[in-house]
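Below you'll find the structure, written out as structure tokens, and then a few comments.
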Number of protein chains: 2
Amino acid sequence: MEKKKIRIKDIAQLAGVSIGTVDRVLHNRGKVSDEALQKVLETLHQIDYKPNLIARTLGSKKTYRIAVLIPDPSLDEYWAQSEQGITQAETEWAQYEFSIEPFYFNLYDKESFRSVAEEVTEANPDGILVAPIFYHEALPYFQKFKDMGIPYILFNTNIPEVEPLSFIGQNLYSSGKVGAELMCLGQGGSGNFVVLHINEDSHNSIHLLEKERGFKEYFAEHNGTDYNIKTLDLGNLKETAIEKEVENLLADPKLKGILVSTSKGTSLVSSILEKSGKKDIRLVGYDLLKENIHYLRAGIIDFLINQNPKRQAFLGINYLANHLLLKKAPPHFDLFPLEIITQQNLESYLESTFH
Amino acid sequence: MEKKKIRIKDIAQLAGVSIGTVDRVLHNRGKVSDEALQKVLETLHQIDYKPNLIARTLGSKKTYRIAVLIPDPSLDEYWAQSEQGITQAETEWAQYEFSIEPFYFNLYDKESFRSVAEEVTEANPDGILVAPIFYHEALPYFQKFKDMGIPYILFNTNIPEVEPLSFIGQNLYSSGKVGAELMCLGQGGSGNFVVLHINEDSHNSIHLLEKERGFKEYFAEHNGTDYNIKTLDLGNLKETAIEKEVENLLADPKLKGILVSTSKGTSLVSSILEKSGKKDIRLVGYDLLKENIHYLRAGIIDFLINQNPKRQAFLGINYLANHLLLKKAPPHFDLFPLEIITQQNLESYLESTFH
DNA sequence: GTGAAAGCGCTAACAA
DNA sequence: TTGTTAGCGCTTTCAC
């Protein structure tokens, strides 16, 4: 049971070489003669050496630089919450040699993503945390990062084929199903239902389409034929135009419920629904934005699904830091639970440490 | 922006004393003259010193011992989940010199709590994590721990008057309200509803009574007079007797729903309800036990409220470790969100790293 | 190619 | 009561 720890010094002694040589072998850096190499490798085989990571980081003066590539937090409350998570992780790691360099792109501008991603490659960081919401624009950069040997972690939106070190986020297909379940809860599944995409380019974002797919699948699984699902994509319209469209929807007497696929869109639709005075439309949306909290309390929004952007980003930095500093591999996937927020459990989410 | 790190050495220089003295002040160990003390405290005030924990653990050979005082995990699935959280925390802190010593008592035997708590005091650990489910039996031990200067953190059940370093758990009053909300969702609030306490000594546990209080309060706030709430305490009965009682309940044609206040009780009631064949009774219970998961999937249970025992225990160890190692104060309260589990979001909870 | 030696920031033992 | 110093295990530099 009681294994005494083996140090580099011990290996050196056993192999009959110096500490420096062992170090060179362990990290294959510097030049080592074949003879020495063999001796060290052999003793390494015979024993179970576990490097003391604490000593390693203390001894090394390297400071790691992590780049964060996300939408500009000052333009969007959802991303502001992500940024909070990053800041929190930053302070927790402050004692070590870490620096976090933010790179913000415009949520509505693919070009800006491109140019900012370019800056990231120029900065040549030791690790990257990125929310790749523009699929096509992001792809080539991951190839670059890979070529440069820079590890990257994705959050919010996954692109499995770029093989990130880790993905942090939710299963959006399931998310859509949960949305549908909440839609039907207690009111049956018959009538007209709408999925609303607002404020993002839904064609380019698997993101929203996945939610839509799950939503429809739930109905297909659970209901007869007595329902109708409509999808509306208001991504490119101005606010007044969106308002018109939503009002049109609400005019439908058979409309039973709306799922809004984005957090910001949820606020917008809530305000329109409130103005309309209609009380019997079930509204399900996303995330604990200020306005959404307000409308949930007011009973306009019936349910929110929480994506927990703050914690997503927080864990992203944590995983990267652990990987770089302690060579500790993060999970390949960290899929967050699909948290359902209602009037009654809302406060418990707001009070708890991580929301 | 660019804060360079402050070392003990720097403080010593600024204060005009030696690093030994600074160390003594920081940890108030050894003797320090008032004059030196003042000088050091003053410079400490002026700067923001963050000790390098890596260097500290490397330099120190102290190994901290944390005692964990909880119900025997092998006798109860809920507590088995707590234990998992402890194990996980243990591995995360493994690199530092930490050891965790478990002390298990019998969930159904107050005497065993007493004797095991006695063992804890004899072990004289550096910190204690405890789930004080027996109120009266626990009280005197906290006094002892306090006298011995051992910090303790409570989870699951709070006893504010013993002034723990931290409490980790849920607001049970709100939990009862959420239970009531889920009870009424989509089916209105009229009819007969029951709160069932099973398998624990509810008189001695504020725990369950708080949930009950919240449950009733919700109805008082939201409904007219067209409802009826009954409380049933089956704590001391045998399984067959419980079964009888529940069957009696189910015979009531006006019965609309049941809230079961314990996780184990939830399983039991589910099996009875399933056998009865009644499909229209709404059942709300607690926690992701294996059986509960089964009954939720089968549609017998409509909603589960997740208390997240694993994470509660995990954070307990974490807070203790941070306190001991980093002198970092944990939050006085860490109130967990009241997570609502449905058929559709269940998998996302099971898949996610922390459940 | 290799070994020796000086740190990294902190603790703890020792001398003064 | 105070200052000095030798580690902790590893990295990194610098002679040889």
Side-chain angles (χ1 to χ4, degrees), chain A residues 3-41 43-44 47-64 93-98 126 324-327, chain B residues 3-41 43-44 47-64 94-98 126 324-328:
Chain A
K3 282 186 183 180
K4 67 173 168 199
K5 310 210 188 289
I6 292 164
R7 291 117 72 231
I8 285 192
K9 201 179 175 181
D10 301 319
I11 301 174
Q13 245 162 18
L14 289 173
V17 296
S18 76
I19 294 182
T21 302
V22 176
D23 180 75
R24 276 170 275 238
V25 172
L26 284 173
H27 301 292
N28 40 268
R29 55 179 160 223
K31 312 263 174 180
V32 179
S33 69
D34 262 1
E35 193 191 359
L37 180 69
Q38 286 314 318
K39 285 197 286 186
V40 173
L41 285 181
T43 62
L44 276 178
I47 57 163
D48 179 36
Y49 170 65
K50 295 191 139 206
N52 183 327
L53 301 175
I54 298 233
R56 158 130 84 221
T57 53
L58 221 211
S60 144
K61 51 214 59 191
K62 171 156 187 61
T63 117
Y64 291 96
W93 288 93
Q95 33 179 326
Y96 312 96
E97 299 290 326
F98 261 102
D126 299 295
L324 293 172
L325 209 59
L326 301 176
K327 313 297 175 219
Chain B
K3 283 187 182 179
K4 67 171 166 204
K5 316 238 179 264
I6 291 163
R7 289 118 69 233
I8 286 192
K9 203 177 173 182
D10 301 320
I11 302 174
Q13 244 162 17
L14 289 174
V17 295
S18 76
I19 58 173
T21 302
V22 175
D23 180 75
R24 278 173 278 251
V25 173
L26 284 173
H27 304 293
N28 38 268
R29 54 178 161 225
K31 315 263 174 181
V32 179
S33 69
D34 263 0
E35 192 191 359
L37 180 70
Q38 286 315 320
K39 284 196 288 188
V40 173
L41 286 181
T43 62
L44 277 178
I47 57 162
D48 179 36
Y49 171 64
K50 295 194 144 204
N52 183 327
L53 138 125
I54 292 220
R56 175 179 297 171
T57 53
L58 187 59
S60 149
K61 50 217 58 188
K62 170 155 186 65
T63 112
Y64 289 97
Q95 33 179 325
Y96 311 99
E97 298 293 321
F98 264 101
D126 299 298
L324 293 171
L325 212 60
L326 285 176
K327 315 296 174 217
K328 212 157 127 189

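Letters A, B, ... are given to chains in the order of the sequence lines, protein chains preceding strands, and every chain is numbered from 1.
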- Positional range of nucleotides in DNA chain C within the contact set of chain A, heavy-atom, under 4.0 Å: dG1(C) to dG9(C)

- Item | Leading and trailing nucleotides of DNA chain D with any atom under 4.0 Å from heavy atoms of chain A |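 Here the contact window of chain A covers dG9(D) to dT12(D).
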
- Taking only residues two or more places apart in sequence, or in another chain, which ones meet A12(B) in a side chain to side chain contact (heavy atoms under 4.5 Å, CB included)? I19(B), V22(B)

- Query: Got a sec, which residues hit side chain to side chain contact (heavy atoms under 4.5 Å, CB included) with A55(B), two or more places apart in sequence or on another chain?
  - Reply: L58(A), N52(B)

- To the nearest 0.5 Å, tell me how far R56(A) CZ sits from L26(A) CG. 8.5 Å

- Query: Could you give the distance from CG (L53(B)) to CD1 (I54(A)), rounded to the nearest 0.5 Å?
  - Reply: 6.5 Å

- Task: Identify the two heavy atoms, one from A15(B) and one from K39(B), that lie closest to each other, and give their separation to 0.1 Å.
- Result: O-CD, 3.5 Å

- Item | Minimum heavy-atom distance V32(A)-L37(A), with the two atoms named |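 Scanning both residues completely, I find the closest heavy atoms to be CG1-N, 3.7 Å.
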
- Who passes side chain to side chain donor-acceptor pair (under 3.5 Å) against T57(A), sequence neighbours left out? none

- Task: Mind checking side chain to side chain donor-acceptor pair (under 3.5 Å) for S18(A) and listing every partner two or more places apart, or none if nothing turns up?
- Result: T21(A)

- Message: What residues from residues 8-25 of chain A pass a heavy-atom cutoff of under 4.0 Å to DNA chain D?
- Response: I8(A), I19(A), D23(A)

- Message: Per the salt bridge (charged side-chain N to carboxylate O under 4.0 Å, His left out) rule, what does the pair list look like for residues 14-27 of chain B, sequence neighbours excluded?
- Response: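 Only D23(B)-R29(B) qualify under salt bridge (charged side-chain N to carboxylate O under 4.0 Å, His left out).
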
- Note on the structure: When T43(A), V25(A), V17(A) are each screened for side chain to side chain contact (heavy atoms under 4.5 Å, CB included) with I11(A), the one that passes is T43(A)

- Residues that R7(A) engages under salt bridge (charged side-chain N to carboxylate O under 4.0 Å, His left out), provided they are two or more places apart: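 For R7(A) the salt bridge (charged side-chain N to carboxylate O under 4.0 Å, His left out) partners, ignoring immediate neighbours, are D10(A).
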
- Message: Please enumerate all residues that pass salt bridge (charged side-chain N to carboxylate O under 4.0 Å, His left out) together with K62(B), with sequence neighbours excluded.
- Response: D126(B)

- Answer whether the closest heavy-atom distance between the side chains of I6(B) and L14(B) falls below 4.5 Å.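 Result no, sub-4.5 Å side-chain heavy-atom pair not found.
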
- Task: Five pairs at each end of the helix from dG1(C)-dC16(D) to dA16(C)-dT1(D): take the axis at both ends and give me the angle between them to 10°.
- Result: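 So the angle between the two local helix axes works out to 50°.
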
- Contact residues, residues 27-35 of chain B to DNA chain C [heavy atom, < 4.0 Å]: H27(B), R29(B)

